[in-house]
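Excluded from the calculations below are hydrogen atoms, water molecules and symmetry mates; all remaining heavy atoms, backbone and side chain alike, are included. Note that ligands are numbered from 1 as they come in the structure, with each ligand's atoms numbered from 1 the same way.
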Amino acid sequence: PDLFEAPDYYNLDELLTDEHKLVRTAAREWVKRDVSPIIEDYAQKAEFPTQIIKGLAEIGAFGPYIPHEYGGAGLDQISYGLIMQEIERGDSGVRSTASVQSSLVMYPIWKYGNEEQRLKYLPKLASGEWMGCFGLTEPDHGSNPGGMVTNFKDMGDHYLLNGAKMWISNAPFAQVAVVWAKNEEGRIHGLIVERGMEGFSTPETHNKWSLRASATGELIFDNVKVPKENLLPNKSGLGAPLGCLDSARFGIAWGAIGAAMDCYDTALRYSKERMQFGKPIGQFQLQQKKLAEMITEITKAQLLAWKLGVMRNNGTATSAQISMAKRNNVDMAINIAREARQMLGGMGISGEYSIMRHSMNLESVITYEGTHDIHLLITGMDVTGLNAFK
Ligand code: TGC
Ligand code: FAD
């Protein structure tokens, strides 16, 4: 079999429909052709390759499950997951761009917006004509977003927005920002802020050693006049942004498998080619242990993601179940990246191979969308009924 398509140790393809496989093939072929050959170079330069935006839109990565009437691909949750998996096989930073656009910008406009907002923004976001970002995290409020200080006041004919967001993916080039801020009563609402509004700026964050091919920045609001029609009317409170995170975390649980697959494939291939002591290194038991553990963990993660996809499709997945998959699968991927890097010896640190880039990228993935420890505490709260955050 083509190693790029592997691994599928438990023949999980049997669980997929023809549509799932077609969507996956389209994403896979596009990543192989348009992302993998250029991405190392962009990561080294610390630049987002804007030329791939059109291709991301074409494979349905912008709003995979948003209905056709709003320009989305109208697919199910498993197709969404498979697209994220294939993109992250290329690079977690590219998957981040797609996650943010779909789950953190299009999703809230679709779910919490009115019809005018859906029609104004969703088709342009689906086609990639406009790119979006999501502002929840602040300099002093990361894991505890409920403490945010960004706020807006009702000025009669508009809102006046003040505050700052930090670590925002896509911020430096986004035309549209979905921003979470408190009103005068301290209630959290979503506002659509557009580039060009006076007092709104998006300085880029430099010197990242992780997600270098993804642009990250701040969102600064200095008395920004936001038209009243830009408030998302249909949901407020912390549950509104957390609902978006459920969708993004689900996609990350699938995406991380893609990064792990690429590291495993690379290490497996290398272990059969690299000769030391007169043998391929794959013949040594210590190297076989690494590969055997990798394929076991990938297979478990695939099953977790697939079943979660079934539950997302029928609307029964709980936020805690999503947390478990995000936490497990990202941890699985970061461990595989680290082991795979060692298997390549000195070559493991070189940009000739993708492993070190995946390894560094996953340091962000294990932190954003809720850190590894925050997700553990969500599981802990779910099973004990006792809240460690309060
Ligand atoms: P808590 O009191 O537990 O909950 C507040 C309200 O929210 C409801 N809720 C949820 N609703 C929907 N989905 C969820 N997952 C929900 N979790 C909780 C909850 O029922 C409650 O509703 P109500 O009506 O009673 O008010 O909230 P808390 O303040 O104790 O915090 C809980 C905690 C720590 C789990 C949460 O705040 C959290 O998840 N923190 C992590 C922050 C985080 O994930 N930030 C991500 C920023 S975005 C990002 O990283 C993008 S990276 C993208 C990329 O590049 O791919
Ligand atoms: P902190 O919350 O300060 O956490 C520091 C440490 O303390 C962590 O290990 C954490 O697990 C631990 N900790 C915190 N609270 C507890 C507790 N109660 N119990 C035990 N341990 C605890 N945010 C957005 O809004 N939009 C984006 O697009 C976005 N993109 C990002 C892109 C990148 C590359 C990165 C790195 C981050 C991005 N983020 C984004 C922000 C991300 O969600 C936050 O970094 C993350 O939620 C953690 O917040 P923090 O960095 O403030 O860490």
Side-chain angles (χ1 to χ4, degrees), residues 46 48 61 84 87-88 91-105 107-108 111-112 131-148 150 164-172 174 177-181 186-188 190 202 204-219 235-256 317-324 326-327 330 360-382 387-390:
F48 173 73
M84 296 299 122
I87 297 175
E88 195 151 356
D91 189 80
S92 306
V94 177
R95 198 269 307 135
S96 292
T97 290
S99 293
V100 170
Q101 183 87 345
S102 297
S103 290
L104 301 182
V105 180
Y107 177 89
K111 283 282 174 186
Y112 315 145
M131 293 302 292
C133 67
F134 174 89
L136 181 65
T137 305
E138 299 189 350
D140 293 330
H141 301 93
S143 297
N144 176 27
M148 69 174 66
T150 297
K165 301 286 176 179
M166 193 181 180
W167 293 118
I168 306 305
S169 302
N170 298 356
V178 169
V179 175
W180 301 94
R187 181 92 184 152
I188 295 172
T202 61
E204 185 157 359
T205 303
H206 296 290
N207 300 332
K208 289 180 298 165
W209 284 115
S210 174
L211 286 196
R212 289 172 61 82
S214 158
T216 314
E218 293 166 61
L219 303 177
K235 193 164 165 90
S236 64
L238 188 59
L242 290 176
C244 308
L245 297 184
D246 276 355
S247 176
R249 291 165 177 174
F250 168 76
I252 292 171
W254 282 85
T318 65
S319 298
Q321 285 170 330
I322 297 169
S323 279
M324 179 183 282
K326 190 272 184 184
R327 178 174 185 273
V330 177
M360 295 195 299
N361 282 342
L362 289 161
E363 293 291 342
S364 289
V365 182
I366 205 165
T367 292
Y368 69 32
E369 297 273 3
T371 68
H372 189 63
D373 286 341
I374 290 295
H375 288 297
L376 176 130
L377 294 174
I378 292 172
T379 306
M381 176 161 62
D382 198 45
N387 187 337
F389 301 112
K390 304 284 183 206

A.B. asks: Which residue pairs satisfy the salt bridge (Lys or Arg N to Asp or Glu O under 4.0 Å) criterion with at least one member in residues 132-142, sequence neighbours excluded?
C.D. replies: E138-K165

A.B. asks: Between ligand 1 and the protein, which N/O pairs fall short of 3.5 Å?
C.D. replies:
| unit_1 | atom_1 | unit_2 | atom_2 | d |
| --- | --- | --- | --- | --- |
| ligand 1 | 2 (O) | K390 | NZ | 3.2 |
| ligand 1 | 7 (O) | G239 | N | 3.4 |
| ligand 1 | 13 (N) | D246 | OD2 | 3.3 |
| ligand 1 | 13 (N) | S319 | OG | 3.4 |
| ligand 1 | 15 (N) | D246 | OD1 | 2.9 |
| ligand 1 | 15 (N) | S319 | OG | 3.0 |
| ligand 1 | 30 (O) | K390 | NZ | 3.2 |
| ligand 1 | 39 (O) | R249 | NH2 | 3.0 |
| ligand 1 | 40 (N) | S143 | O | 2.9 |
| ligand 1 | 44 (O) | R249 | NH2 | 2.8 |
| ligand 1 | 44 (O) | G370 | N | 2.8 |
| ligand 1 | 50 (O) | E369 | N | 2.8 |
| ligand 1 | 55 (O) | S96 | OG | 3.4 |
| ligand 1 | 55 (O) | S169 | OG | 2.8 |
| ligand 1 | 56 (O) | R95 | NH1 | 3.4 |
| ligand 1 | 56 (O) | Y368 | OH | 3.2 |

A.B. asks: Can you name the closest pair of heavy atoms from A164 and T150 and give their distance?
C.D. replies: N-OG1, 3.3 Å

A.B. asks: Would you tell me whether S210 and N361 have side-chain atoms, one donor and one acceptor, within less than 3.5 Å of each other?
C.D. replies: no

A.B. asks: Do you know the tightest heavy-atom contact between R249 and E369?
C.D. replies: NE-O, 2.8 Å

A.B. asks: Where is the tightest heavy-atom contact between M148 and W180, given as atom of each residue plus distance?
C.D. replies: SD-O, 3.4 Å

A.B. asks: Which pair of non-hydrogen atoms, one from K326 and one from G370, has the smallest distance, and what is that distance?
C.D. replies: NZ-O, 3.0 Å

A.B. asks: Can you list everything that forms a ring pair (Phe, Tyr, Trp, His ring centres under 6.0 Å) with Y107? Sequence neighbours excluded, please.
C.D. replies: none

A.B. asks: Do S96 and Y368 pair up side chain to side chain, a donor and an acceptor below 3.5 Å, judged on atom types alone?
C.D. replies: yes

A.B. asks: Considering only heavy atoms, which protein residues lie less than 4.0 Å from any atom of ligand 2?
C.D. replies: F134, L136, T137, G142, S143, W167, I168, S169, L211, S364, T367, Y368, E369, T371, D373, I374, L377, F389

A.B. asks: Which heavy atom in C244 sits nearest to a heavy atom in S103, and how many Å separate them?
C.D. replies: CB-O, 3.5 Å

